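Working notes, structure below.
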Number of protein chains: 2
Amino acid sequence: MPEASSPTRKRIVDAATKLFYAEGIGRVSVDAIAEKAGLTKRTLYYHFKSKDDLIAAYLDGRDQPNLKQMAGWFDAAEGGADRKVEAIFTNLARVARHPKWKGCGFLRTAAELASMPGHPAVMAGSRHKTNFEKWLAAELSARGVTAPHMLAREIVLLMDGAFSSMLIHHNPDYIGAAGHAAATLVRARTSGSQV
Amino acid sequence: MPEASSPTRKRIVDAATKLFYAEGIGRVSVDAIAEKAGLTKRTLYYHFKSKDDLIAAYLDGRDQPNLKQMAGWFDAAEGGADRKVEAIFTNLARVARHPKWKGCGFLRTAAELASMPGHPAVMAGSRHKTNFEKWLAAELSARGVTAPHMLAREIVLLMDGAFSSMLIHHNPDYIGAAGHAAATLVRARTSGSQV
DNA sequence: CCAAGTATACCGACTAGTGAATATACAAGC
DNA sequence: GCTTGTATATTCACTAGTCGGTATACTTGG
């Protein structure tokens with residue numbers, strides 16, 4: 001039985017992460033991942049029982065790093081909750097200009113696996129999005145915003161919309177518009193002010 | 001040279017539409033499309049020069065029907081612009097409960113082809129989303145809403161977010177939340193009222 | 001006779017996954 | 001201090017099937 005946290009396993013997940021994100025799940029072969037990781041396909045299948053398992057491991061491994069990235073942008077921004085929320089979108093628009101940016105890996109995987117609703121990778125994506133929404137609601141709540149859970153969900157919807165629009169139009173203006181709308185929604189629910 | 005609008009061509013596009021939407025681009029073989037259309041692969045390749053061309057034809061063919069669907073829901077709804085906008089989301093949440101619903105074909109295709117930014121199918125998707133945004137801005141403008149273009153874009157972002165969230169969570173509540181937020185944004189920009 | 005359209009049959013490349021053997025390391029028996 | 005046993009980890013070679021695309025030949029209507 002393979003070790004749960006072996007360095008080899010990590011090498012495989014790292015290689016899979018790069019390839020799956022860059023090319024998409026269906027366009028990456030197990031052979032290509034094995035080659036990128038510097039080992040044979042048989043070894044890969046020693047550590048993962050199927051490609052589907054590896055896809056799920058790829059997204060599970062992105063949960064915490066992605067949350068930390070968002071939280072970092074939020075914490076670093078000056079100003080109130082509205083500014084901090086908008087900062088996430090501003091940073092998103094910045095990184096989305098990079099040619100290697102290919103949208104949100106969680107959403108893209110869910111789109112590609114739409115015909116397999118119970119797929120472990122889709123569920124990993126669902127967990128990640130829920131984690132983000134909960135984190136955001138807690139941050140908003142701590143800043144005295146009214147109806148923080150509803151607001152967090154609206155911001156998540158705008159963010160996922162921004163990911164999708166950017167992917168189809170390749171125009172960062174959509175992310176800017178989403179950030180502006182999100183900041184407006186936050187201000188509308190900040191005590192002492194109204195839109 | 002094949003006829004631009006032959007019945008055979010239509011049969012191929014119809015078969016491709018059903019399969020591509022149900023399974024995703026990468027999971028459908030040209031053989032499967034030919035079989036579903038009741039002809040051989042060689043005939044398919046007489047009418048389309050490549051699979052990529054057929055993918056683009058699939059999305060081009062969905063542009064007008066999708067717009068008509070949205071416009072139909074909008075027109076049929078009673079009340080002001082806010083109600084009409086929310087009606088689109090309400091209807092979307094209803095059809096999204098059907099087991100055959102697999103999200104927005106334009107967004108899913110863009111996600112699957114993220115590594116090929118200039119792909120004709122992605123561009124067809126971009127055109128469709130732009131058409132929808134323009135139609136919505138015109139409807140909002142005709143009803144005296146202020147800043148109709150910005151508002152239309154925000155609603156489109158919420159809608160694309162709703163498509164994505166529904167696909168990853170399989171929970172129509174997200175579409176409801178998006179519809180509620182969209183209606184609120186419309187009311188905030190309707191003369192004589194404020195959020 | 002000719003051209004449009006369709007069919008059969010095939011190509012080379014690639015696909016996920018596996019069988020059987022082997023290398024490595026470490027523990028137990030003596 | 002050996003040797004034997006066992007679990008982990010890795011490799012090569014392979015299967016059975018699918019992929020997008022095509023060479024060639026046939027049919028049919030004008």
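Predicted, not measured: the structure shown is a model, and the values here were computed from it.
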Rounding to an integer number of Å, can you tell me how far A:Leu39 CG sits from C:dA23 C1'? 15 Å

Rounded to the nearest angstrom, tell me the gap between atom NZ in A:Lys49 and atom C1' in C:dT18. 15 Å

Does B:Asp31 or B:Arg11 map to a spot on DNA chain C nearer the 5' end, using the closest nucleotide for each? B:Arg11

Any donor-acceptor pair under 3.5 Å linking the side chain of B:Glu112 with the backbone of B:Ile25? yes

Which class fits the ring pair A:Phe163 and A:Trp101: parallel under 30°, tilted 30 to 60°, perpendicular over 60°? parallel

Under 4.0 Å: is that the gap between some side-chain N or O of A:Tyr46 and OP1 or OP2 of D:dA9? yes

Compare side-chain N and O positions of A:Thr43 against OP1 and OP2 of D:dT11 and report whether any pair is under 4.0 Å apart. yes

Using a cut-off of strictly less than 4.0 Å, decide whether B:Thr40 has a side-chain nitrogen or oxygen near OP1 or OP2 of C:dT6. no

Whole angstroms only, please: what is the CZ-C1' distance between B:Arg27 and D:dC19? 14 Å

Rounding to an integer number of Å, can you tell me how far A:Asp52 CG sits from C:dG17 C1'? 12 Å

For residues 140-152 of chain B, tabulate all N or O donor-acceptor pairs below 3.5 Å that involve a side-chain atom, not counting sequence neighbours.
unit_1, atom_1, unit_2, atom_2, d
B:Arg143, NH1, B:Glu139, O, 3.1
B:Arg143, NH1, B:Glu139, OE1, 2.8
B:Thr146, OG1, B:Arg189, O, 3.3

Go through the N and O atoms of the side chain of A:Arg42 and the base of C:dG19, and report whether any donor-acceptor pair is under 3.5 Å. yes

Salt-bridge criterion met for B:Asp14 and B:Lys10 (N-O under 4.0 Å): yes

Angle between ring planes, B:Phe74 versus B:Trp135, binned at 30° and 60°: parallel, tilted or perpendicular? perpendicular

Kindly indicate whether the side chain of B:Lys41 and the base of D:dG20 share any N or O donor-acceptor pair separated by less than 3.5 Å? yes

Just the rounded figure in Å: distance from C1' of D:dT18 to NZ of B:Lys51. 11 Å

Rounded to the nearest Å, what distance is computed from the CG atom of residue B:Asp53 to the C1' atom of nucleotide D:dG21? 13 Å

Does OP1 or OP2 of D:dA9 have a side-chain N or O of A:Thr8 closer than 4.0 Å? no

Length of the line joining A:Phe48:CZ and C:dT18:P, which is rounded to integer Å: 16 Å

Can you check whether B:His47 has a side-chain N or O nearer than 4.0 Å to OP1 or OP2 of C:dA4? no

